Amino acid sequence: MFRAAVRLSVSGARSLTWTRLGCTAPLAQRCYSHGGKQETDDEFDARWVNYFNKADIDAWELRKGMNTLIGYDLVPEPKILDAALRACRRLDDLASAIRILEAVKDKSGPHKDIYPYLIQELRPTVDELGISTPEELGMDKL
Amino acid sequence: MLRLTAGRVGCLLSRRAVVGMTNSGARMSSHSHHEVSDQVDMSQPMYWDRLDTPLPDRAWIDVLDSKDKSLKQKEKGPWTALSKEEKIALYRLKFNHTYPEMKKPSHEWKTVIGGMFIFFGITGLVVFWQGHYVYPPQPHTFGEEWQAKQIQRMLDMRVNPIEGFSAKWDYKNKQWK
(Lines give C-alpha, C1' and ligand atoms only; values in the text may rest on other atoms or scores of the structure.)
Protein backbone atom coordinates (compact mmCIF):
# COMPACT_ATOMS: atom_id res chain seq x y z
CA MET A 1 0.00 0.00 0.00
CA PHE A 2 2.72 2.38 0.94
CA ARG A 3 4.79 1.64 -2.05
CA ALA A 4 2.15 2.11 -4.65
CA ALA A 5 0.80 5.27 -3.10
CA VAL A 6 3.88 6.96 -1.80
CA ARG A 7 6.23 7.88 -4.59
CA LEU A 8 9.33 9.41 -3.18
CA SER A 9 9.90 11.29 -6.40
CA VAL A 10 8.69 14.84 -6.72
CA SER A 11 5.33 13.95 -8.23
CA GLY A 12 3.33 15.63 -5.51
CA ALA A 13 -0.04 14.87 -7.03
CA ARG A 14 0.29 11.12 -6.84
CA SER A 15 1.72 11.12 -3.37
CA LEU A 16 -1.50 12.66 -2.06
CA THR A 17 -3.29 9.34 -2.53
CA TRP A 18 -1.41 8.15 0.54
CA THR A 19 -3.53 10.19 2.92
CA ARG A 20 -6.39 7.70 2.86
CA LEU A 21 -5.07 5.01 5.15
CA GLY A 22 -7.71 2.49 4.28
CA CYS A 23 -7.28 2.71 0.54
CA THR A 24 -6.78 -0.50 -1.36
CA ALA A 25 -3.52 -0.72 -3.13
CA PRO A 26 -3.43 -0.45 -6.86
CA LEU A 27 -1.37 -3.17 -8.45
CA ALA A 28 2.33 -2.85 -7.97
CA GLN A 29 4.41 -0.87 -10.38
CA ARG A 30 7.24 -3.34 -10.31
CA CYS A 31 8.00 -4.07 -13.91
CA TYR A 32 10.16 -6.85 -15.18
CA SER A 33 11.84 -5.95 -18.38
CA HIS A 34 11.04 -9.32 -19.94
CA GLY A 35 7.37 -8.40 -19.74
CA GLY A 36 6.48 -11.35 -17.55
CA LYS A 37 4.03 -11.51 -14.69
CA GLN A 38 4.12 -8.50 -12.41
CA GLU A 39 4.57 -8.99 -8.70
CA THR A 40 1.77 -7.60 -6.59
CA ASP A 41 2.29 -5.55 -3.47
CA ASP A 42 1.28 -8.47 -1.30
CA GLU A 43 3.67 -10.83 -3.02
CA PHE A 44 6.45 -8.34 -2.56
CA ASP A 45 5.65 -7.94 1.13
CA ALA A 46 5.36 -11.68 1.64
CA ARG A 47 8.68 -12.27 -0.03
CA TRP A 48 10.45 -9.83 2.25
CA VAL A 49 8.71 -11.00 5.40
CA ASN A 50 9.81 -14.49 4.48
CA TYR A 51 13.35 -13.32 3.99
CA PHE A 52 13.65 -11.77 7.40
CA ASN A 53 11.73 -14.56 9.09
CA LYS A 54 14.42 -17.09 8.32
CA ALA A 55 15.13 -18.65 11.69
CA ASP A 56 18.89 -18.88 11.27
CA ILE A 57 19.35 -15.62 9.37
CA ASP A 58 22.91 -14.39 9.70
CA ALA A 59 24.26 -10.90 10.10
CA TRP A 60 25.30 -10.59 6.48
CA GLU A 61 21.84 -11.53 5.27
CA LEU A 62 20.27 -9.03 7.60
CA ARG A 63 22.57 -6.25 6.35
CA LYS A 64 22.11 -7.24 2.72
CA GLY A 65 18.35 -7.44 3.11
CA MET A 66 18.03 -4.10 4.84
CA ASN A 67 20.35 -2.27 2.49
CA THR A 68 18.53 -3.68 -0.52
CA LEU A 69 15.14 -2.87 0.93
CA ILE A 70 16.16 0.70 1.69
CA GLY A 71 17.42 0.99 -1.86
CA TYR A 72 13.91 0.52 -3.23
CA ASP A 73 11.68 3.49 -3.96
CA LEU A 74 9.26 2.73 -1.16
CA VAL A 75 8.80 2.69 2.59
CA PRO A 76 8.56 -0.90 3.79
CA GLU A 77 5.32 -2.14 5.29
CA PRO A 78 5.18 -2.54 9.06
CA LYS A 79 5.07 -6.31 8.72
CA ILE A 80 8.37 -6.37 6.86
CA LEU A 81 9.95 -4.14 9.48
CA ASP A 82 8.51 -6.33 12.21
CA ALA A 83 10.22 -9.35 10.68
CA ALA A 84 13.46 -7.39 10.35
CA LEU A 85 13.38 -6.25 13.96
CA ARG A 86 12.80 -9.79 15.11
CA ALA A 87 15.75 -10.87 12.98
CA CYS A 88 17.83 -8.29 14.81
CA ARG A 89 16.68 -9.82 18.07
CA ARG A 90 17.75 -13.29 16.96
CA LEU A 91 21.13 -11.81 16.11
CA ASP A 92 21.38 -9.96 19.46
CA ASP A 93 21.78 -6.69 17.59
CA LEU A 94 19.94 -3.82 19.22
CA ALA A 95 21.95 -1.13 17.43
CA SER A 96 20.84 -2.38 14.02
CA ALA A 97 17.24 -2.42 15.16
CA ILE A 98 17.44 1.25 16.10
CA ARG A 99 19.25 1.96 12.85
CA ILE A 100 16.44 0.35 10.88
CA LEU A 101 13.93 2.68 12.51
CA GLU A 102 16.09 5.68 11.68
CA ALA A 103 16.44 4.49 8.11
CA VAL A 104 12.69 4.17 7.47
CA LYS A 105 12.10 7.56 8.99
CA ASP A 106 14.62 8.97 6.55
CA LYS A 107 13.03 6.98 3.73
CA SER A 108 9.71 8.72 4.30
CA GLY A 109 11.31 11.93 3.17
CA PRO A 110 8.92 14.85 3.24
CA HIS A 111 5.94 12.67 4.23
CA LYS A 112 6.09 13.29 7.92
CA ASP A 113 3.05 11.17 8.77
CA ILE A 114 4.49 7.85 7.65
CA TYR A 115 6.96 7.32 10.46
CA PRO A 116 4.50 7.91 13.33
CA TYR A 117 2.17 5.45 11.64
CA LEU A 118 4.94 2.87 11.39
CA ILE A 119 5.86 3.31 15.03
CA GLN A 120 2.22 3.00 16.00
CA GLU A 121 1.95 -0.26 14.08
CA LEU A 122 5.24 -1.54 15.42
CA ARG A 123 4.60 -0.48 19.02
CA PRO A 124 3.69 -4.00 20.23
CA THR A 125 6.83 -5.50 18.68
CA VAL A 126 9.04 -2.68 19.86
CA ASP A 127 7.74 -2.99 23.41
CA GLU A 128 7.97 -6.77 23.39
CA LEU A 129 11.55 -6.81 22.22
CA GLY A 130 12.59 -3.86 24.35
CA ILE A 131 13.76 -1.72 21.44
CA SER A 132 13.81 2.01 22.14
CA THR A 133 12.97 4.28 19.27
CA PRO A 134 15.54 6.93 18.34
CA GLU A 135 13.18 9.55 19.74
CA GLU A 136 13.07 7.84 23.12
CA LEU A 137 16.85 7.81 23.22
CA GLY A 138 17.09 11.44 22.17
CA MET A 139 18.97 10.44 19.05
CA ASP A 140 16.65 12.14 16.63
CA LYS A 141 18.09 15.50 17.62
CA LEU A 142 21.55 16.70 16.81
CA MET B 1 36.29 33.17 8.09
CA LEU B 2 39.54 32.61 9.89
CA ARG B 3 40.09 29.68 7.59
CA LEU B 4 39.97 31.86 4.52
CA THR B 5 42.54 34.33 5.79
CA ALA B 6 44.86 31.63 7.05
CA GLY B 7 45.48 30.05 3.71
CA ARG B 8 45.24 31.21 0.18
CA VAL B 9 44.12 29.24 -2.83
CA GLY B 10 46.58 26.40 -2.55
CA CYS B 11 45.97 25.82 1.11
CA LEU B 12 42.23 25.96 0.53
CA LEU B 13 42.37 23.29 -2.11
CA SER B 14 44.65 20.96 -0.21
CA ARG B 15 42.65 21.33 2.96
CA ARG B 16 39.44 20.61 1.17
CA ALA B 17 40.97 17.57 -0.46
CA VAL B 18 41.93 16.22 2.93
CA VAL B 19 38.53 16.99 4.38
CA GLY B 20 36.92 15.36 1.38
CA MET B 21 38.88 12.20 1.89
CA THR B 22 38.17 11.86 5.56
CA ASN B 23 34.53 12.72 5.06
CA SER B 24 34.00 10.29 2.23
CA GLY B 25 32.73 7.86 4.77
CA ALA B 26 35.18 4.99 4.54
CA ARG B 27 36.50 5.27 8.05
CA MET B 28 38.95 3.40 10.11
CA SER B 29 38.42 3.39 13.78
CA SER B 30 40.07 1.58 16.65
CA HIS B 31 41.44 -1.29 14.65
CA SER B 32 43.58 -3.87 16.33
CA HIS B 33 46.34 -3.68 13.72
CA HIS B 34 48.34 -0.50 13.36
CA GLU B 35 48.73 0.95 9.90
CA VAL B 36 52.09 2.35 9.01
CA SER B 37 50.53 4.96 6.76
CA ASP B 38 47.04 6.41 6.76
CA GLN B 39 45.97 4.19 3.87
CA VAL B 40 42.65 2.45 4.15
CA ASP B 41 42.88 -1.29 3.53
CA MET B 42 40.26 -1.68 0.83
CA SER B 43 40.39 -5.46 0.99
CA GLN B 44 38.76 -5.45 4.40
CA PRO B 45 35.06 -4.81 5.08
CA MET B 46 34.66 -1.08 5.51
CA TYR B 47 32.44 1.12 7.56
CA TRP B 48 30.60 4.03 6.08
CA ASP B 49 27.80 6.36 7.09
CA ARG B 50 25.36 6.47 4.22
CA LEU B 51 21.69 7.32 4.27
CA ASP B 52 20.95 4.63 1.70
CA THR B 53 23.03 1.94 3.41
CA PRO B 54 21.80 1.74 6.97
CA LEU B 55 23.85 -1.32 7.90
CA PRO B 56 27.44 -1.08 6.65
CA ASP B 57 29.77 -4.07 6.31
CA ARG B 58 31.53 -3.46 9.55
CA ALA B 59 30.76 -2.10 12.98
CA TRP B 60 32.22 1.27 13.83
CA ILE B 61 34.24 0.07 16.79
CA ASP B 62 35.78 -3.33 16.34
CA VAL B 63 38.12 -3.45 19.26
CA LEU B 64 36.11 -3.72 22.43
CA ASP B 65 37.44 -3.14 25.87
CA SER B 66 36.16 -5.19 28.78
CA LYS B 67 33.34 -2.75 29.52
CA ASP B 68 32.11 -2.94 25.95
CA LYS B 69 32.43 -6.71 25.95
CA SER B 70 30.30 -7.04 29.04
CA LEU B 71 27.73 -4.71 27.49
CA LYS B 72 27.66 -6.91 24.40
CA GLN B 73 27.06 -9.88 26.65
CA LYS B 74 24.16 -8.08 28.25
CA GLU B 75 22.81 -7.40 24.77
CA LYS B 76 22.30 -11.14 24.35
CA GLY B 77 19.72 -11.05 27.11
CA PRO B 78 16.37 -9.26 27.06
CA TRP B 79 16.73 -5.72 25.81
CA THR B 80 14.17 -4.51 28.30
CA ALA B 81 16.92 -4.95 30.90
CA LEU B 82 19.12 -2.35 29.21
CA SER B 83 19.08 1.25 30.35
CA LYS B 84 18.81 4.12 27.89
CA GLU B 85 22.48 4.93 28.26
CA GLU B 86 23.42 1.33 27.55
CA LYS B 87 21.27 1.28 24.44
CA ILE B 88 22.88 4.50 23.23
CA ALA B 89 26.31 3.03 24.01
CA LEU B 90 25.49 -0.08 21.99
CA TYR B 91 24.37 2.09 19.09
CA ARG B 92 27.54 4.18 19.25
CA LEU B 93 29.67 1.04 19.28
CA LYS B 94 28.13 -0.10 16.05
CA PHE B 95 27.61 3.21 14.31
CA ASN B 96 29.47 6.47 14.09
CA HIS B 97 26.88 9.06 13.12
CA THR B 98 23.15 8.93 13.64
CA TYR B 99 20.95 9.81 10.69
CA PRO B 100 20.41 13.40 11.85
CA GLU B 101 24.16 13.75 12.30
CA MET B 102 24.73 12.43 8.79
CA LYS B 103 22.26 14.89 7.36
CA LYS B 104 23.63 17.86 9.25
CA PRO B 105 24.34 20.67 6.81
CA SER B 106 27.94 21.83 6.61
CA HIS B 107 29.48 25.25 6.19
CA GLU B 108 31.29 24.18 3.06
CA TRP B 109 29.21 26.41 0.83
CA LYS B 110 30.72 29.45 2.47
CA THR B 111 34.19 28.21 1.55
CA VAL B 112 33.08 27.61 -2.02
CA ILE B 113 31.43 31.01 -2.50
CA GLY B 114 34.30 32.74 -0.74
CA GLY B 115 36.83 30.97 -2.93
CA MET B 116 34.85 31.92 -6.01
CA PHE B 117 34.86 35.60 -5.06
CA ILE B 118 38.56 35.50 -4.33
CA PHE B 119 39.17 34.14 -7.80
CA PHE B 120 36.93 36.80 -9.32
CA GLY B 121 38.81 39.46 -7.40
CA ILE B 122 42.21 38.24 -8.51
CA THR B 123 40.96 38.02 -12.07
CA GLY B 124 39.58 41.52 -11.83
CA LEU B 125 42.95 42.81 -10.65
CA VAL B 126 44.70 41.03 -13.50
CA VAL B 127 42.27 42.47 -16.03
CA PHE B 128 42.69 45.96 -14.63
CA TRP B 129 46.49 45.75 -14.63
CA GLN B 130 46.36 44.43 -18.16
CA GLY B 131 44.17 47.27 -19.30
CA HIS B 132 46.64 49.72 -17.85
CA TYR B 133 49.98 48.19 -18.80
CA VAL B 134 49.43 45.84 -21.70
CA TYR B 135 46.89 47.35 -24.05
CA PRO B 136 48.25 49.73 -26.70
CA PRO B 137 46.81 53.28 -26.88
CA GLN B 138 43.30 53.55 -28.33
CA PRO B 139 43.04 54.26 -32.07
CA HIS B 140 42.51 57.94 -32.86
CA THR B 141 39.18 57.13 -34.43
CA PHE B 142 37.71 56.62 -30.94
CA GLY B 143 38.08 60.28 -29.99
CA GLU B 144 35.04 62.48 -29.32
CA GLU B 145 35.63 64.80 -32.23
CA TRP B 146 36.31 62.06 -34.71
CA GLN B 147 33.17 60.16 -33.61
CA ALA B 148 31.04 63.27 -34.07
CA LYS B 149 32.38 63.81 -37.55
CA GLN B 150 31.85 60.09 -38.30
CA ILE B 151 28.22 60.23 -37.28
CA GLN B 152 27.64 63.36 -39.35
CA ARG B 153 29.20 61.64 -42.36
CA MET B 154 26.97 58.58 -41.88
CA LEU B 155 23.91 60.81 -41.79
CA ASP B 156 25.03 62.69 -44.87
CA MET B 157 25.46 59.35 -46.67
CA ARG B 158 21.97 58.35 -45.55
CA VAL B 159 23.19 55.10 -43.98
CA ASN B 160 20.20 52.70 -43.53
CA PRO B 161 17.64 55.41 -44.21
CA ILE B 162 14.53 53.20 -44.08
CA GLU B 163 14.69 51.21 -40.89
CA GLY B 164 18.16 51.77 -39.42
CA PHE B 165 20.56 54.54 -38.55
CA SER B 166 19.45 57.51 -40.67
CA ALA B 167 15.82 56.60 -40.26
CA LYS B 168 16.13 57.66 -36.66
CA TRP B 169 17.44 61.11 -37.54
CA ASP B 170 14.99 63.91 -38.11
CA TYR B 171 16.60 65.73 -41.04
CA LYS B 172 14.15 68.62 -40.94
CA ASN B 173 14.71 69.56 -37.31
CA LYS B 174 18.31 68.35 -37.22
CA GLN B 175 17.90 66.12 -34.16
CA TRP B 176 17.34 62.52 -33.24
CA LYS B 177 13.73 61.43 -33.47
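Numbered from 1 within each chain, the chains take letters A, B, ... in sequence-line order. No experiment lies behind these values; they were computed from the predicted model shown.
Linking ILVMFWY side-chain heavy atoms closer than 4.5 Å, directly or via other members, places B:Met42 and B:Trp48 in a single hydrophobic cluster. A:Ile119 and A:Ile80 end up in the same hydrophobic cluster when Ile, Leu, Val, Met, Phe, Trp and Tyr side chains are linked at under 4.5 Å. B:Val127 and B:Ile122 are members of different hydrophobic clusters when ILVMFWY side chains are connected at heavy-atom separations under 4.5 Å. Following chains of ILVMFWY side-chain contacts shorter than 4.5 Å, one can reach A:Val75 starting from A:Tyr72, so the two form part of one hydrophobic cluster. Both B:Trp176 and B:Met154 sit in one connected hydrophobic cluster of ILVMFWY residues. Membership requires side-chain heavy atoms under 4.5 Å apart, directly or through other members.
Within 6.0 Å of the NZ atom in B:Lys84, the count of heavy atoms belonging to other residues, nucleotides or ligands does not exceed 12. Within a 6.0 Å sphere centred on CD of B:Gln130, other residues, nucleotides and ligands contribute more than 12 heavy atoms. The 12-atom threshold is not exceeded at CH2 of B:Trp109, counting heavy atoms of other residues, nucleotides or ligands nearer than 6.0 Å. For B:Gln175, the CD atom is densely surrounded, since the number of other residues' heavy atoms within 6.0 Å is greater than 12. More than 12 heavy-atom neighbours from other residues, nucleotides or ligands sit within 6.0 angstrom of CG on A:Leu142. Counted within 6.0 Å of CZ on B:Arg50, heavy atoms from surrounding residues, nucleotides or ligands total 12 or fewer; the atom is thus considered open.
The shortest side-chain heavy-atom distance between B:Leu55 and A:Lys64 does not fall under the 4.5 Å cut-off. The side-chain heavy atoms of A:Leu137 and B:Tyr91, taken from C-beta on, include no pair separated by under 4.5 Å.
Heavy-atom distances place both the backbone and the side chain of A:Leu62 under 4.5 Å from chain B. For B:Leu93, no part sits under 4.5 Å from any heavy atom of chain A, backbone or side chain. Residue contact with chain A, scored on non-hydrogen atoms closer than 4.5 Å, involves the backbone and the side chain of B:Tyr99 alike. Residue B:Lys103 touches chain A through its side chain alone, counting heavy-atom pairs closer than 4.5 Å. For a residue to count as touching a neighbouring chain, one of its non-hydrogen atoms must lie under 4.5 Å from one of that chain's; by this rule A:Asp127 touches chain B with the backbone only.
A donor-acceptor distance shorter than 3.5 angstrom exists from the side chain of B:Glu75 to the backbone of A:Leu94, with no hydrogens or angles considered. B:Lys87 places a side-chain N or O within donor-acceptor distance of the main-chain N or O of A:Gly130, the cut-off being under 3.5 Å.
Your options are A:Ile70, A:Ile98, A:Ile100, and the one with the most heavy-atom pairs under 4.5 Å with chain B is A:Ile70. Considering only heavy-atom pairs separated by less than 4.5 Å from chain A, the leading option among B:Pro100, B:Gly77, B:Pro78 is B:Pro100. Of all the listed residues (A:Met139, A:Arg63, A:Arg89, A:Met66), the one sharing the greatest number of non-hydrogen pairs under 4.5 Å with chain B is A:Arg89.
Contact detail for A:Arg99 and B:His97: the closest heavy-atom pair is NH1-O, 2.8 Å. Between A:Ala95 and B:Leu90 the shortest heavy-atom distance is CB-O, 3.6 Å. Nearest heavy atoms, A:Ala97 versus B:Trp79: CB-CZ3, 4.5 Å.
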Handout entry: B:Lys94/A:Asp93 under salt bridge (charged side-chain N to carboxylate O under 4.0 Å, His left out): CA gap, chis, key distance, verdict
Key = CA-CA 9 Å; B:Lys94 198 144 217 247; A:Asp93 194 349; 3.1 Å; yes
Practice task
Evaluate the side chain to side chain contact (heavy atoms under 4.5 Å, CB included) criterion for residues B:Phe95 and A:Ser96: first the C-alpha distance (whole Å), next the side-chain angles of each, then the deciding distance (0.1 Å), finally the verdict.
Solution key: CA-CA 9 Å; B:Phe95 302 110; A:Ser96 294; 4.2 Å; yes
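One finds the OG1 atom of B:Thr98 at 11.0 Å from the NZ atom of A:Lys141 (value rounded to the nearest 0.5 Å). A:Asn67 CG to B:Thr53 OG1: the interatomic distance, rounded to the nearest 0.5 Å, is 5.0 Å.
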